[in-house]
S.K.: 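Here it is, the structure in full.
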Amino acid sequence: MRVPPLVVRSVRMLALLGLAGTAAGIAPAAAATAAPRPVAFHSPASFTISGNLRGVAAASSRSAWAVGSTGGPLSSRTLVLRWNGTAWTRVPSPSPAGVSALYGVAALSAGRAWAVGCTGCSTNRSGKTLILHWNGAAWKRVPSPSPAGYSVLTGVAALSAGSAWAVGYTYASGVFRTLVLRWNGTGWKRTPSPAPAGGYLEGVAAASGGGAWAVGTYGTGTSARALLLGWSGAAWKRIASPAPRASYLTSVAAVSARSAWAVGCTARCTRTLILRWTGSAWKQVPSLSRAGYVLASVAAASGTSAWAVGNAGGGGDLIERWNGQAWVQAPGPAPAGDGLAGVAVTSTTNAWAVGCTASCTKTLILRWNGATWK
């Protein structure tokens, strides 16, 4: 199977563009963004610009990053926004020639962050991994392994200045394979990972003590399976998943070595899916599963506080909150047609959710202040 150029690359973006119902029959492919067009919507609570946001990370209530892309399908450029405690502003970011986009971001502090994605994203023949580093003054591109064929990074997690992970997938000879890179303090190196045929990774999380999780999917259609990988400290191992058939995982968050969440969709991406790591096994837990909704991202502040965000195939945001006992819905202020792709949390009174509005041609940012989303 040849990957068609300019096809949305993942379940997450399929949902944002109103294609969640067909996600089970479409493998991840080259990145794409909708062509921008004038719209009337402007939110005083967010920074609005042409494009869409796919990832967000916060180091504190006064420091956060949101990443994505801006421009049309054939002219997409990296987009990086920064929260300084008062306002969101756009920050210059390297954007190699050709179609480039960012899908994930991780923040260690106000002076250190990582962002990952791809360059040459419009074709399965030339797509390469893209990693940017914030050194406290500017974003700089750093060398990253990019296997032959099409390679893209979808998620990143950082534990310290000398330890970080980036995940994604490669596509070569008609087959998708998982891709895992590790930062050792001096450079990014490819790390062996279980790679079932048709497997790809969407998210990664790192826990204190050196543990890490990576999630994704292998297979398509009714044969799709949730893919869970765990880092033992020496190697990546495949972990048993309780998710039913036709399930996809899009994001993972780790509170500690004994507490983690993974989210996505099941029933051919017509129902939300939430898994919980209990310290010894992954268990499926009840979630608010309205027909057609997909969870795209999860973040946790503690064992009793977590957020999951997503969207409906036909448009509309979905925000769920873990209150320590159950997942409950939290009303969001986003207009119909919006989709949320990323969430970050630093405390019970500070969280961010990002995505896009107006058929995914304008960025969208929401903030949790401890009482409501604005």
S.K.: Roughly how far apart are Leu227 CG and Leu249 CG, rounded to 0.5 Å?
M.R.: 8.0 Å
S.K.: Tell me, yes or no, whether the heavy-atom count around Arg276 atom CZ, taken from other residues, nucleotides or ligands under 6.0 Å, exceeds 12.
M.R.: yes
S.K.: Look at the side-chain heavy atoms of Ile, Leu, Val, Met, Phe, Trp and Tyr, link any pair under 4.5 Å apart, and say whether Val252 and Ile239 land in one connected group.
M.R.: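 Yes, one cluster joins them.
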S.K.: Roughly how far apart are Tyr103 OH and Leu153 CG, rounded to 0.5 Å?
M.R.: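 Answer for the OH-CG pair, Tyr103 versus Leu153, is 10.5 Å.
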S.K.: Are Val204 and Leu108 grouped together when hydrophobic residues (ILVMFWY) are joined by side-chain heavy atoms under 4.5 angstrom apart?
M.R.: no
S.K.: Pairing donors with acceptors under 3.5 angstrom, does anything connect the side chains of Arg54 and Asn52?
M.R.: yes
S.K.: For the rings on Trp165 and Trp188, is their centre-to-centre separation under 6.0 Å?
M.R.: no
S.K.: Would you check if there is a donor-acceptor pair between the side chains of Thr70 and Ser50 at a distance under 3.5 Å?
M.R.: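 Note: Ser50 and Thr70 side chains miss the donor-acceptor criterion.
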S.K.: Leu201 vs Tyr169, test: side chain to side chain contact (heavy atoms under 4.5 Å, CB included). Steps then yes/no.
M.R.: CA-CA 6 Å; Leu201 296 172; Tyr169 59 85; over 6 Å; no
S.K.: Mind checking whether Trp282 and Trp213 have parallel, tilted or perpendicular rings, split at 30° and 60°?
M.R.: perpendicular
S.K.: Would you name the heavy atoms of Ser287 and Ile274 that are closest together and state the gap between them?
M.R.: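 Closest approach of Ser287 to Ile274, heavy atoms only: CB-CD1, 3.4 Å.
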S.K.: Side-chain donor-acceptor pair under 3.5 Å between Ser359 and Thr361, yes or no?
M.R.: no
S.K.: By side-chain contact (heavy atoms from CB on, under 4.5 Å), which residues pair with Lys283, not counting sequence neighbours?
M.R.: Thr278, Ala281
S.K.: Which atoms form the tightest heavy-atom contact between Leu228 and Val215, and what is the distance?
M.R.: CD2-CG1, 3.5 Å
S.K.: Mark yes or no for whether Ser247, through its side chain, and Pro244, through its backbone, hold a donor-acceptor pair below 3.5 Å.
M.R.: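 Between the backbone of Pro244 and the side chain of Ser247 there is a qualifying donor-acceptor contact (under 3.5 Å).
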S.K.: Under a 3.5 Å distance rule, please check whether Thr270 uses its side chain to pair with a backbone N or O of Ala267 as donor and acceptor.
M.R.: yes
S.K.: Side chain to side chain contact (heavy atoms under 4.5 Å, CB included) between Asn369 and Thr349: does it pass, once the steps are laid out?
M.R.: CA-CA 5 Å; Asn369 60 13; Thr349 60; over 6 Å; no
S.K.: Which residues end up grouped with Val67 if you chain together Ile, Leu, Val, Met, Phe, Trp and Tyr wherever their side-chain heavy atoms are less than 4.5 Å apart?
M.R.: Trp65, Val80, Val91, Leu102, Val105, Leu130, Leu132, Trp134, Trp139
S.K.: Could you list the donor-acceptor pairs under 3.5 angstrom formed by side chains in residues 302-309, with sequence neighbours left out?
M.R.:
unit_1	atom_1	unit_2	atom_2	d
Ser302	OG	Thr304	N	3.3
Ser302	OG	Thr304	OG1	3.3
Ser302	OG	Ser305	N	3.3

S.K.: Can you name the residues that form a side-chain contact (heavy atoms from CB on, under 4.5 Å) with Ser223, not counting sequence neighbours?
M.R.: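 Expected list: none.
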S.K.: Any chance you could measure Asn311, atom CG, to Ile319, atom CD1, to the nearest 0.5 Å?
M.R.: 11.0 Å
S.K.: Does NZ or CZ of Arg268 fall inside the cone over Tyr248's six-membered ring, less than 6.0 Å from its centre and within 45° of the axis?
M.R.: no
S.K.: Between Thr266 and Leu273 (side chain of the first, backbone of the second, donor and acceptor by atom type, cut-off under 3.5 Å), is there such a pair?
M.R.: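 Checking the backbone N and O of Leu273 against the side chain of Thr266, no donor-acceptor pair under 3.5 Å is found.
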S.K.: Taking side-chain contact (heavy atoms from CB on, under 4.5 Å) as the definition, give me every residue that meets it alongside Ala64, ordered by chain and number, with sequence neighbours left out.
M.R.: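 side-chain contact (heavy atoms from CB on, under 4.5 Å) check on Ala64 returns Ala58, Trp83, Trp88, Trp352.
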S.K.: Trp236 side chain to Thr191 main-chain N or O, any donor-acceptor pair under 3.5 Å?
M.R.: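 Pair absent, no side-chain N/O of Trp236 close to backbone of Thr191.
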S.K.: Is the side chain of Ser95 donor-acceptor paired with the backbone N or O of Thr78 at a distance under 3.5 Å, no angle test?
M.R.: yes
S.K.: For a quick test of reading the model, state the closest non-hydrogen atom pair linking Ser251 to Val298 and the distance between them.
M.R.: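 So the minimum-distance heavy-atom pair works out to OG-N, 3.1 Å.
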S.K.: As a quick check of understanding, evaluate side chain to side chain contact (heavy atoms under 4.5 Å, CB included) for Leu179 and Thr129, giving each step before the final call.
M.R.: CA-CA 10 Å; Leu179 175 63; Thr129 61; 3.9 Å; yes
S.K.: What closest approach, in Å, do Asn323 and Gln325 show between heavy atoms, and which atom pair accounts for it?
M.R.: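 Nearest heavy atoms, Asn323 then Gln325: OD1-N, 2.9 Å.
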S.K.: Below 4.5 Å, heavy atoms only, C-beta onward: do Ser241 and Leu275 meet side chain to side chain?
M.R.: yes
S.K.: Has the side chain of Ser259 got a donor or acceptor atom that lies under 3.5 Å from a matching backbone atom of Gly279?
M.R.: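 Checking the backbone N and O of Gly279 against the side chain of Ser259, no donor-acceptor pair under 3.5 Å is found.
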S.K.: Is the shortest side-chain heavy-atom distance between Gln329 and Leu318 below 4.5 Å?
M.R.: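 Yes, close enough: below the 4.5 Å cut-off.
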S.K.: For side chain to side chain contact (heavy atoms under 4.5 Å, CB included), just list the numbers for Ser61 and Arg367, CA-CA rounded to whole Å, side-chain angles, deciding distance to a tenth of an Å, and then say yes or no.
M.R.: CA-CA 11 Å; Ser61 61; Arg367 189 180 193 185; 4.1 Å; yes
S.K.: State which residues pass side-chain contact (heavy atoms from CB on, under 4.5 Å) with Thr119; sequence neighbours excluded, sorted by chain then number.
M.R.: Pro96, Ser100, Lys128, Arg141
S.K.: Ignoring hydrogens, what is the shortest heavy-atom contact between Ser297 and Thr250? Give both atom names and the distance.
M.R.: N-OG1, 4.4 Å
S.K.: State the CZ-OH distance between Phe176 and Tyr200, to the nearest 0.5 angstrom.
M.R.: 8.0 Å
S.K.: Look at the side chain of Thr363 and the backbone N and O of Cys356, then say whether any donor-acceptor pair between them is shorter than 3.5 Å.
M.R.: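 No; zero donor-acceptor contacts below 3.5 Å.
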S.K.: Can you tell me how far apart CZ (Arg112) and CG (Asn135) are? Round to the nearest 0.5 Å.
M.R.: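 Going from CZ on Arg112 over to CG on Asn135, the span is 8.5 Å.
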S.K.: Pairing donors with acceptors under 3.5 angstrom, does anything connect the side chains of Thr178 and Ser193?
M.R.: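 Side chains of Thr178 and Ser193: pair found under 3.5 Å.
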S.K.: Looking at every heavy atom in both Ser151 and Thr170, which two are closest together, and how far apart are they?
M.R.: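 So the two residues come closest at OG-CG2, 3.6 Å.
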